[in-house]
Number of protein chains: 2
Amino acid sequence: MELRTLRYFVAVADELHFGRAAARLHMSQPPLSRAIKQLETEVGAALFDRSPAGVALTPVGAVLLDEARALLDQADRLRVRVAAAAGTAVITVGFLGDTADPGATRLADAYRRLHPQVEVRIRETDLTDPTCGLHAGLVDVALTRGPFDETGLTVRELRADPVGALVRADDPLAGRDSVKLADLADRRWFLFPEGTDPVWQSYWNGGAPREGPVVRAVQECRQAVLWNGTVGMTLLDHEQADGLAVVPLIDMPPSRVVVAWNEGDTNPLIRSFVRTAIAAYQDGAPTSGAA
Amino acid sequence: MELRTLRYFVAVADELHFGRAAARLHMSQPPLSRAIKQLETEVGAALFDRSPAGVALTPVGAVLLDEARALLDQADRLRVRVAAAAGTAVITVGFLGDTADPGATRLADAYRRLHPQVEVRIRETDLTDPTCGLHAGLVDVALTRGPFDETGLTVRELRADPVGALVRADDPLAGRDSVKLADLADRRWFLFPEGTDPVWQSYWNGGAPREGPVVRAVQECRQAVLWNGTVGMTLLDHEQADGLAVVPLIDMPPSRVVVAWNEGDTNPLIRSFVRTAIAAYQDGAPTSGAA
DNA sequence: GCCGCCGATACCGTACGGGTATCGTCGCAC
DNA sequence: GTGCGACGATACCCGTACGGTATCGGCGGC
């Protein structure tokens with residue numbers, strides 16, 4: 001009954017699927033099956049019902065899941081506290097500039113309250129790197145907005161914001177209840193500045209390369225929209241500027257505020273940050289800011 | 001940072017001596033040294049000061065010790081709760097008949113309150129086996145009185161009771177403030193019934209084989225003492241019977257009430273029982289009963 | 001009925017944990 | 001001052017157990 005085994009168990013209990021759990025644990029499925037079987041032998045009871053229909057927790061498994069989660073959490077806290085005592089408790093958090101919102105504020109407050117001895121370093125980035133330096137190892141964890149290249153990263157969604165078309169108030173679309181991407185097909189679009197992450201650009205351009213006036217930053221779209229017929233996209237609840245309108249885009253996937261870290265990074269400060277982030281974004285009304 | 005490693009660390013922190021800690025862990029010293037060194041690497045700080053004068057905890061080590069103890073305790077509770085859910089939470093406790101005292105009552109109460117789902121089975125034994133069946137595997141843990149053959153057992157002392165000489169009230173020794181074993185050298189001693197544990201007999205006979213009237217059970221010494229000049233030993237605070245006196249024996253090691261279990265038995269129910277026992281005997285006045 | 005999904009089984013190689021032997025260092029005793 | 005003993009560190013060996021690949025078995029769906 002080692003912590004490693006319990007982490008395996010929790011992964012399977014979360015996924016209710018041995019293959020996916022193994023992938024999440026960066027291992028292959030057979031050793032995972034074996035480890036769970038050994039755990040069941042040790043406990044003296046089955047933890048999962050393996051039916052052809054799928055995997056389900058037994059009552060004993062449910063008890064173990066509760067206890068194991070609590071134990072693993074405490075193990076994380078142990079590591080944080082010891083790291084704090086050793087003076088090595090440092091976490092570098094990357095923020096995408098415009099993600100600053102009440103959720104982020106609550107997150108920062110809650111995290112500093114939870115781990116007062118932890119030194120939190122902030123690194124703010126622009127659209128050239130929505131991962132805020134995760135791939136380059138410049139930060140431990142990133143609070144940012146998708147989409148971006150997620151290879152090698154683990155990503156947890158904190159919030160999904162619906163997206164709307166940003167047009168001039170006198171645009172024919174401005175009065176509509178909703179629009180589709182096809183309605184914008186023949187328009188000129190705002191582009192992103194040189195160096196903007198291609199995945200990000202592709203998303204905010206409706207999935208296709210576009211032509212249009214280049215704007216220096218997302219926030220300046222409002223000036224650029226003075227060109228008649230030019231469109232962009234923005235968050236649906238974006239605060240309105242004079243002369244502009246936002247119309248819901250019903251066939252765009254929502255924009256996701258996420259927390260991300262390098263896959264396989266077991267730093268408990270990160271895990272604690274992620275848990276805190278999820279909690280901070282669960283309560284409180286969302287506000288925002290993006291293109 | 002697995003539980004095994006933390007158990008190693010706690011053992012070293014308890015003993016402040018790598019060799020003794022290794023012995024307690026039933027392993028040799030080199031792998032233990034290596035494991036601690038790996039843990040220090042993982043933590044990123046020294047946990048012990050190895051000075052020629054001895055081993056001492058560093059401040060970081062002290063923090064880890066607190067946290068590790070708490071985590072290991074919680075891990076034990078996890079195992080107990082899961083065992084209870086699985087219906088395999090059974091513990092067999094051996095009692096030496098005359099050990100029944102307020103401490104044992106408090107222990108039983110506290111343990112049942114702590115683990116209501118655990119099935120506690122009682123096995124009461126006589127002096128033929130002060131280990132109450134531990135060596136034979138008949139019980140998981142024994143609440144008994146030493147001394148006995150401790151090979152293969154782990155023993156924790158709960159209480160140490162001073163011992164006195166039991167003589168007739170009209171015996172010359174009865175008026176003394178204290179006696180030594182030498183004062184009893186030429187007396188006839190009460191023997192123990194056939195089959196009584198030899199280690200036990202040796203202790204209660206002052207370390208030497210004795211001759212004397214055979215008594216059926218320890219409690220009946222009081223009848224037997226009617227023979228003039230015959231002596232026995234008993235607990236100093238033993239309730240007095242008419243016509244008898246107890247005189248403190250100042251060169252006898254005290255009689256120890258102990259809890260014992262088979263070395264290497266990692267059953268968390270046992271560990272919890274032991275912790276409960278130590279707590280139960282720490283508060284409350286001792287009373288007793290033995291020869 | 002065949003294929004595909006998914007967990008179990010079989011088998012293999014390696015890495016790590018635990019063993020013995022020995023060393024280095026310091027304190028102490030004579 | 002020298003020799004010895006205590007104790008943790010180091011070196012090296014070995015077995016086990018963990019993680020990998022390949023494959024099986026069983027059930028469900030197209």
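This one's a predicted model, so the numbers in the text were calculated from it and none came from an experiment. Residue numbers start from 1 in every chain, and the chains themselves are labelled A, B, ... in the order their sequence lines are given, proteins ahead of strands. Because only heavy atoms are used, hydrogens play no part in the values below, and waters and symmetry mates are left out as well, while side chains stay in.
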Nearest 0.5 Å please: distance from the CZ atom of A/Arg79 over to the OG atom of A/Ser272. 12.0 Å
Reported CZ-to-CZ distance for the pair A/Arg4 and A/Phe9, which is rounded to 0.5 angstrom: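 Nearest 0.5 Å value for the CZ-CZ distance: 15.5 Å.
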Nearest-Å distance, [atom1] ([X]) to [atom2] ([N])?
{"X": "B/Leu16", "N": "D/dC7", "atom1": "CG", "atom2": "C1'", "answer": "14 Å"}
{"X": "B/Asp49", "N": "D/dG8", "atom1": "CG", "atom2": "C1'", "answer": "14 Å"}
{"X": "B/His17", "N": "D/dA9", "atom1": "NE2", "atom2": "P", "answer": "12 Å"}

Within the structure, does a side-chain N or O atom of [X] lie under 4.0 Å from either OP1 or OP2 of [N]?
{"X": "A/Arg50", "N": "C/dA8", "value": "yes"}
{"X": "B/Lys37", "N": "D/dG8", "value": "no"}
{"X": "A/Ser33", "N": "C/dA8", "value": "yes"}

Quick one: do [X] and [Y] make a salt bridge, cutoff under 4.0 Å?
{"X": "A/Arg34", "Y": "A/Glu40", "answer": "no"}
{"X": "B/Asp76", "Y": "B/Arg271", "answer": "yes"}
{"X": "A/Arg121", "Y": "A/Glu119", "answer": "yes"}
{"X": "B/Arg81", "Y": "A/Asp66", "answer": "no"}
{"X": "A/Lys37", "Y": "A/Glu42", "answer": "no"}
{"X": "B/Arg123", "Y": "B/Asp140", "answer": "no"}
{"X": "A/Glu150", "Y": "A/Arg256", "answer": "yes"}
{"X": "B/Asp14", "Y": "B/Arg20", "answer": "no"}

The contact string for nucleotides 14-21 of chain D, one letter per nucleotide 5' to 3', using protein heavy atoms under 4.0 Å with B, S and - for base, sugar-phosphate only and none, comes out as ----BBBB
Strand contacts (DNA chain C) in residues 18-25 of chain B, 4.0 angstrom heavy-atom criterion: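 Nucleic-acid contacts, sorted: none.
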Give the dot-bracket line for DNA chain C from 5' end to 3' end: parentheses for intra-strand Watson-Crick or G-U pairs under 3.5 Å, square brackets for crossings, | for inter-strand pairing, dots for unpaired. ||||||||||||||||||||||||||||||
Report yes if some heavy atom in the side chain of A/Thr131 is under 4.5 Å from a heavy atom in the side chain of A/Asp149; otherwise report no.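 They are not in contact (no side-chain heavy atoms under 4.5 Å apart), so the answer is no.
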